[in-house]
Amino acid sequence: MIPIEQSAAEILLVAGGDDEMWPSLVFAQELASRRVSAGRTAKVISSADAGHRPRLPGEGPAASSHRFRYGGTAEADADLGAKAWPDIVGVLAGPVVPGN
């Protein structure tokens with residue numbers, strides 16, 4: 001496993017501030033800080049009101065669970081997914097190589 005500080009990959013972290021599964025926003029900020037300290041980049045996309053499961057464009061609201069507490073609201077989760085979507089697509093598309 002390559003430590004996050006050494007990875008050459010573009011790092012994109014999407015986190016909800018109202019995640020009730022674990023403190024995903026705190027974790028995302030800590031990972032980004034470790035990258036910056038190592039002279040690398042990372043981008044955090046977050047929303048204070050979103051929970052554990054951001055919903056990407058085209059996805060409906062997540063089903064509720066009797067077992068887990070996800071936090072957030074359907075609207076906040078969808079807003080975070082929509083906010084992150086362009087960056088997610090950019091990471092998946094990879095860098096633009098001139099001449100290709």
Side-chain angles (χ1 to χ4, degrees):
M1 177 179 281
I2 299 172
I4 195 165
E5 297 88 348
Q6 296 175 9
S7 172
E10 181 179 348
I11 302 293
L12 175 65
L13 304 155
V14 180
D18 192 39
D19 186 338
E20 293 183 15
M21 292 288 287
W22 54 66
S24 61
L25 182 53
V26 171
F27 290 164
Q29 291 167 333
E30 287 175 357
L31 289 170
S33 178
R34 285 172 46 194
R35 293 274 299 175
V36 170
S37 293
R40 305 248 182 205
T41 62
K43 183 171 186 176
V44 177
I45 300 174
S46 64
S47 169
D49 297 332
H52 186 72
R53 303 182 299 177
R55 309 306 289 172
L56 301 177
E59 290 186 283
S64 62
S65 172
H66 297 292
R67 185 173 182 188
F68 299 108
R69 294 178 51 149
Y70 297 112
T73 64
E75 182 178 89
D77 294 348
D79 288 347
L80 177 55
K83 181 178 170 182
W85 184 242
D87 289 286
I88 292 170
V89 170
V91 168
L92 294 175
V96 175
V97 179
N100 285 344

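Remember, predicted model here, so these are calculated numbers, not experimental data.
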Working for side-chain contact (heavy atoms from CB on, under 4.5 Å), residues D19 and L25 = CA-CA 8 Å; D19 186 338; L25 182 53; over 6 Å; no
CD1/I2: more than 12 non-hydrogen atoms of other groups inside 6.0 Å | no
CG of D77 to CG of D18: how many Å apart, nearest 0.5 Å?
-> 8.5 Å
L31 versus I11: any side-chain heavy-atom pair under 4.5 Å?
-> no
Considering only heavy atoms from C-beta outward, does the side chain of E10 approach that of T41 to under 4.5 Å?
-> no
Are L13 and W85 co-members of a hydrophobic cluster defined by side-chain heavy atoms under 4.5 Å apart?
-> no
Donor-acceptor under 3.5 Å (S33 side chain, Q29 main chain) | no
Classify the ring geometry between H52 and Y70 as parallel (under 30°), tilted (30 to 60°) or perpendicular (over 60°).
-> parallel
Report yes if some heavy atom in the side chain of F68 is under 4.5 Å from a heavy atom in the side chain of E20; otherwise report no.
-> no
For residues V14 and P54, report the shortest heavy-atom separation together with the two atoms involved.
-> CG1-CG, 4.0 Å
Quick one: do V89 and I45 end up in the same hydrophobic cluster if we chain Ile, Leu, Val, Met, Phe, Trp and Tyr together by side-chain heavy atoms under 4.5 Å apart?
-> yes
Scanning both residues in full, the closest heavy-atom pair of G81 with P57 reads O-CD, 3.9 Å
Answer with yes or no whether the hydrophobic clustering places I4 together with V91; edges join I, L, V, M, F, W, Y residues whose side-chain heavy atoms lie under 4.5 Å apart.
-> no
Output yes when a side-chain donor or acceptor of Q6 lies under 3.5 Å from a complementary backbone atom of P3, and no otherwise.
-> no
Under a 4.5 Å side-chain heavy-atom rule over Ile, Leu, Val, Met, Phe, Trp and Tyr, are L80 and I88 clustered together?
-> yes
Any donor-acceptor pair under 3.5 Å linking the side chain of S24 with the backbone of A15?
-> no
Would the number of heavy atoms belonging to other residues, nucleotides or ligands and lying under 6.0 Å from CD of E75 be above 12?
-> no
Between the main-chain N or O of A63 and the side-chain N or O of R53, is there a donor-acceptor pair closer than 3.5 Å?
-> yes
Is a side-chain N or O of R40 found less than 3.5 angstrom from the main chain of E5, in a donor-acceptor match?
-> yes
